[in-house]
Amino acid sequence: MALKKIGAATAAAALALSLTACGGGAAGTTDLSNLKIGIKFDQPGMGLNEAGKYTGFDVDVATYIAGKLGTTPEKIQWVQAPTPQRETLIENGSVDLVVATYSINDTRKQRVSFAGPYFIAGQDLLIRADDTSITGVDSLKGKKLCSVTNSTSAQNVKDKVPGVNLQEFATYSDCVTALVSKGVDALTTDDTILAGYASQPQYAGKLKVVGKPFTQENYGVGLKKGNTDLCNKVTAAINDMIKDGSWEKAVKANLGPANYTPGPGNPPTPAACS
Ligand code: GLU
């Protein structure tokens, strides 16, 4: 009898071990039932933290993906992932995923992997509503621009407008403050983010988006470099989200209030993970 009991216990332990090994996967140790997800905390419509209430398109995308990975919303730990820190947060394991208006590009791919794209945005300009002198990227000569360190937005505008007078802050909300107080003449970043700021009640009649996007920003879900297993699962979730109508619903719910409609190429087809 005693022997039989030991046998059962051993079998149970072996089963538990094999289940653990299965869940962990060969490529990483990500616990998929308890995810740390990096989002923006200060971008209305995309990623916003209002006293512990998280909203925005990226929050909805992240929540949907987490659900497909087996994580219920209350098990998600939201972590602030400012633009300059995203690669580091992924590398040091502070987050499992980053869903934060994060453009896929080759420089970033040297440090992290991406699933996606799940959305295509375009870089534009936010200016004061009474400013008629800025009409697009070609009218920035002599103007003071604001963007964020390490963003594709800062890099793109430096490439397109050589010698541009650009201030680089830590967050886009810092740029909005500078724009309103006339410290700068324009904020440049993705049209999604700009639409969100322009539609805030406190900026009604004060700020406007120029409406002439001049780049293509492919948003990806950032994850640990080389974790193809996780990347494949996230890609499948993005495909499901687009197919079952949840993507469209999330766009309307989060970007509709800012009168933002997705540009050409949306919804995108996610690329294969490499
Ligand atoms: N999508 C651009 C980027 O990833 C700008 C927005 C952002 O900084 O989050 O650099």
Side-chain angles (χ1 to χ4, degrees), residues 15-41 43 46-47 54 56-121 150-152 190 217-244 246-247 250 267-274:
L15 180 65
L17 260 179
S18 71
L19 283 175
T20 311
C22 209
T29 50
T30 310
D31 173 5
L32 298 179
S33 65
N34 211 336
L35 287 173
K36 291 170 286 189
I37 306 184
I39 53 164
K40 293 300 181 70
F41 276 13
Q43 296 178 186
M46 294 305 289
Y54 301 93
F57 180 67
D58 280 340
V59 171
D60 285 356
V61 170
T63 305
Y64 185 99
I65 292 169
K68 292 281 172 175
L69 297 176
T71 305
T72 52
E74 58 280 3
K75 284 275 181 71
I76 298 172
Q77 192 189 324
W78 300 108
V79 178
Q80 185 169 21
T83 293
Q85 285 156 37
R86 290 176 295 201
E87 289 85 12
T88 306
L89 291 171
I90 293 169
E91 284 173 333
N92 69 19
S94 299
V95 297
D96 301 304
L97 302 174
V98 165
V99 191
T101 58
Y102 199 7
S103 297
I104 301 168
N105 73 15
D106 288 342
T107 313
R108 291 171 179 166
K109 274 191 194 165
Q110 289 172 10
R111 293 176 62 184
V112 302
S113 290
F114 286 100
Y118 64 88
F119 193 86
I120 298 174
N150 282 348
S151 64
T152 56
D190 304 341
E217 305 299 317
N218 290 357
Y219 289 172
V221 177
L223 46 95
K224 204 160 251 171
K225 188 170 163 67
N227 194 342
T228 314
D229 179 48
L230 182 59
C231 183
N232 283 328
K233 287 182 177 134
V234 172
T235 304
I238 294 169
N239 276 315
D240 288 345
M241 187 176 188
I242 293 168
K243 243 179 263 148
D244 74 9
S246 305
W247 183 94
T269 305
C273 294
S274 52

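It should be emphasised that the depicted structure is a prediction, and the values quoted were computed from it without experimental measurement.
With sequence neighbours excluded, the residues satisfying side-chain hydrogen bond (donor to acceptor under 3.5 Å, both in side chains) with Glu91 are Arg111. Applying the side-chain hydrogen bond (donor to acceptor under 3.5 Å, both in side chains) rule to Tyr118 yields the partners Asp58; only residues at least two apart in sequence or on another chain are considered.
Ring centers of Tyr102 and Tyr219: at least 6.0 Å apart, outside the cut-off.
The distance from the CD1 atom of Ile238 to the NZ atom of Lys233 is 14.5 Å, given to the nearest 0.5 Å. Interatomic distance, CG of Asn150 versus CD of Glu87, reported as 7.0 Å (0.5 Å rounding). For the atom pair CG (Asp229) and NZ (Lys224), the distance works out to 14.0 Å, reported to the nearest 0.5 Å. Separating the CD1 atom in Ile90 from the CD atom in Gln85 is a distance of 12.0 Å, to the nearest 0.5 Å. We find the CG-OG1 distance between Asn218 and Thr152 to be 10.0 Å, quoted to the nearest 0.5 Å. Taking CG of Asp96 as the start and CD1 of Ile65 as the end, the distance is 12.5 Å to the nearest 0.5 Å.
Side-chain contact between Asn34 and Thr71 is absent, with no heavy atoms from C-beta onward closer than 4.5 Å. Counting heavy atoms from C-beta outward, Gln80 and Ile39 have side chains that stay 4.5 Å or more apart. Between Leu230 and Leu69 there is a side-chain heavy-atom pair separated by less than 4.5 Å. Residues Asn239 and Pro270 form a side-chain contact, since some pair of their non-hydrogen atoms from C-beta on lies under 4.5 Å apart. In this structure, Thr101 and Lys40 have side chains that are in contact, with non-hydrogen atoms separated by less than 4.5 Å. Residues Tyr64 and Asp60 form no side-chain contact, since every pair of their non-hydrogen atoms from C-beta on lies 4.5 Å or further apart. The shortest distance between side-chain heavy atoms of Val221 and Val98 does not fall below 4.5 Å. Counting only heavy atoms from C-beta outward, the side chains of Val95 and Ile37 never approach each other to under 4.5 Å.
Of all the heavy atoms in Ala115 and Thr235, the pair that sits closest is CB-OG1, 3.6 Å. Scanning all heavy atoms of the two residues, the minimum distance from Ala271 to Pro117 falls at N-CD, 4.1 Å. Nearest heavy atom pair, residue Ile120 against residue Pro268, reads CD1-CB, 3.9 Å. Considering all non-hydrogen atoms of both residues, Ala100 and Ala81 come closest at CB-O, 4.4 Å. Across all their heavy atoms, Val112 and Leu223 have their closest contact at CB-O, 3.6 Å. The minimum heavy-atom distance between Trp78 and Phe41, with the atom names listed, is O-CZ, 4.1 Å.
The backbone N or O of Val59 sits less than 3.5 Å from a side-chain atom of Thr63, completing a donor-acceptor pair. Remark: the backbone N or O of Gly93 is paired with a side-chain donor or acceptor of Lys36 at under 3.5 angstrom. Proximity of a side-chain donor or acceptor of Arg108 to a complementary backbone N or O of Phe114 within less than 3.5 Å is not detected. Judged by distance alone, the side chain of Ser113 and the main-chain N or O of Gly226 form a donor-acceptor pair under 3.5 Å. Side-chain N or O atoms of Lys225 include one that pairs as donor or acceptor with a backbone N or O of Lys109 at under 3.5 Å.
The aromatic rings of Trp247 and Phe57 sit perpendicular, their planes meeting at an angle over 60°, well past the 30° parallel limit.
Under 3.5 Å, the side chains of Asp244 and Ser246 contain a donor-acceptor pair of N or O atoms.
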Does the pair Lys68 and Asp240 meet the rule for a side chain to side chain contact (heavy atoms under 4.5 Å, CB included), with working shown? CA-CA 9 Å; Lys68 292 281 172 175; Asp240 288 345; 3.5 Å; yes
